[in-house]
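Since the structure is predicted, the reported quantities are computational estimates derived from the model, not experimental observations.
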Amino acid sequence: MPMQPWFTDAKLGIFIHWGIYAVDGVQESWSFYDDIVPHDQYMSQLERFTGAKYDPREWADLFARAGARYAVLTTRHHDGVALWDTEYGDLNLGKDYVGPYAEALREKDLKVGFYYSHSDWNHPDYASTRKPGRPPEQEDNRYSEVAAEDEDLAAWERFIAYRDGQIRELASRYRPDLMWFDGEWDRSEEQWRIPELAALIRSYVPDVVFNARMLSEGDYATPEQGAPIEPPDGPWELCLTINDSWGYQHQDHHHKSLAQLIRYFTETIGGGGNLLLDVGPMEDGTIPEPQVERLEGLGEWIRKHSEAVYGTVRGLPAGHHYGPSTLSADGRTLYLVLFDAPRAEVGLRGLVTPVRKVTVLGTGAELGHQVVGGLHEAVGIVWIDPPAEADLDPYATVLKVELDGEAELYRGAGRF
């Protein structure tokens with residue numbers, strides 16, 4: 001399937017990890033899987049979850065102000081608790097939180113994404129088999145697998161039927177634009193029936209986008225937490241937490257600064273990717289204020305520099321400019337990001353296409369420029385006058401470099 005243009009131009013999405021784990025503020029699913037929290041204690045959160053202040057329109061309004069073009073909600077994590085009133089399985093919140101979320105996003109022209117875990121560590125038929133090739137000496141986790149001699153393939157078929165039933169509900173009721181799968185490591189592609197699963201979803205949503213954890217059916221790469229040094233080829237997305245946790249955890253106050261988030265964002269879009277920035281609402285449905293503040297701040301920066309964000313493609317490879325950059329879709333305008341106040345001219349290396357004009361995005365101030373050096377095919381450096389202090393953005397200044405044609409770069413080693 002061809003990649004949907006909306007995804008590659010979205011630049012920013014919001015990840016929402018919300019579930020019963022927010023009640024006690026424990027790690028989602030893994031806390032009982034790894035025996036950090038007793039299973040009974042973890043599951044007791046189901047009865048204590050209220051969602052009392054859940055207002056998806058407030059969420060959608062915040063996400064739109066942040067500059068996001070899509071959001072991804074954890075409809076069902078590895079703990080198996082569904083956020084909609086599913087007819088399959090016994091674990092849900094007795095209420096549909098997914099439908100109002102999808103409706104609210106679409107009212108703001110945001111694309112609707114659903115996170116869904118392939119694995120379900122609470123389902124009675126899930127721990128009925130194991131991944132082929134898994135070394136027998138590795139210790140089995142009782143929530144996810146059994147010893148080879150105890151496999152029950154009939155139980156696994158029941159699990160797949162349950163999984164397909166839930167996916168059919170999500171696809172047919174809400175028509176998601178994006179399905180963000182997780183938990184793929186627990187089984188093989190053949191065990192998950194990945195092609196059949198993709199066909200099921202596409203029968204309701206032909207243009208749906210899948211992340212790479214749909215294995216052979218994935219449309220884009222999904223690096224997590226660690227920003228790639230070499231951006232992946234093709235479409236990709238960096239999923240990143242604002243603090244150190246995906247879901248709400250009371251004790252986690254280690255929030256990234258707005259300056260850091262703007263760096264992550266500009267470096268990601270400069271490499272041709274989207275930033276999927278995570279928020280962890282509290283159990284009542286309210287998003288913690290430090291996360292709201294950072295989304296508001298990021299949105300303010302994006303609005304000021306929207307020309308360098310939307311409608312652009314990945315920018316210059318490393319070495320041409322000391323910082324991220326983006327390129328207009330027609331290839332005729334470069335946008336250079338400066339994180340620090342320049343103490344001298346800004347150097348732009350290896351640019352073959354002549355520069356017509358340089359301005360500061362957001363203020364319109366024009367900057368002088370000149371080409372110095374160069375020999376034969378090895379072009380000189382474009383030196384751009386530093387912006388005045390009044391034209392500097394407090395977080396990241398963007399220079400708009402208009403060219404006399406499509407950007408052409410020299411990538412050679414020079415004359416020796």
Set of side-chain hydrogen bond (donor to acceptor under 3.5 Å, both in side chains) partners for Arg213, sequence neighbours left out: Asp182, Glu224
query: Taking only residues two or more places apart in sequence, or in another chain, which ones meet Glu296 in a salt bridge (charged side-chain N to carboxylate O under 4.0 Å, His left out)?
result: Arg65
- request: Flag yes if more than 12 heavy atoms outside Asp233 fall under 6.0 Å of its CG atom; otherwise flag no.
  value: no
query: Does a sphere of radius 6.0 Å around CD in Glu377 hold more than 12 heavy atoms from other residues, nucleotides or ligands, not counting ones at 6.0 Å or beyond?
result: yes
- prompt: Do the ring centers of Tyr33 and Trp121 come within less than 6.0 Å of each other?
  reply: yes
- line: Across all chains, not counting sequence neighbours, the salt bridge (charged side-chain N to carboxylate O under 4.0 Å, His left out) partners of Asp34 are none
field: Counterpart residues, ring-ring contact (aromatic ring centres under 6.0 Å, His included), relative to Trp192 (two or more places apart)
entry: His118, Trp156
field: With sequence neighbours excluded, residues passing ring-ring contact (aromatic ring centres under 6.0 Å, His included) with Trp383
entry: none
field: Short side-chain donor-acceptor distance under 3.5 Å, Glu189 and Ser216
entry: yes
- request: For this output row, return yes or no: ring centroids of Tyr126 and Phe159 closer than 6.0 angstrom.
  value: yes
- prompt: Do you see a donor-acceptor pair shorter than 3.5 Å between the side chains of Asp79 and Tyr42?
  reply: yes
message: Would you say the ring centers of Trp84 and Tyr174 fall short of 6.0 Å from each other?
response: no
query: Is the ring centre of Tyr143 less than 6.0 Å from the ring centre of Phe32?
result: yes
- prompt: What about Tyr116 and His77, are their ring centers closer than 6.0 Å?
  reply: no
- request: Any chance you could lay out the ring-ring contact (aromatic ring centres under 6.0 Å, His included) test for Phe49 and Trp18, step after step, and finish with the verdict?
  value: CA-CA 11 Å; Phe49 183 92; Trp18 191 45; 5.1 Å; yes
field: Trp30-Trp246 aromatic ring centre distance below 6.0 Å
entry: no
query: Looking at residues at least two apart in the chain, or sitting in another chain, which of them share a salt bridge (charged side-chain N to carboxylate O under 4.0 Å, His left out) with Glu307?
result: Lys400
- prompt: Can you tell me if Gln191 uses its side chain to pair, donor with acceptor, with the backbone of Arg130 under 3.5 Å?
  reply: yes
query: Does the side chain of Glu237 come under 3.5 Å of the side chain of Trp180 through a donor N or O and an acceptor N or O?
result: yes
Glu300 and Tyr395 side chains, donor-acceptor separation under 3.5 Å: no
- prompt: Does the Tyr322 side chain pair with the main chain of Gly319, one donor and one acceptor, at a distance under 3.5 Å?
  reply: no
query: Strictly by modelled atom types, are Asn92 and Thr86 linked by a side-chain donor-acceptor pair under 3.5 Å?
result: no
- prompt: Looking at His17 versus Tyr248, is the centre-to-centre ring distance below 6.0 Å?
  reply: no
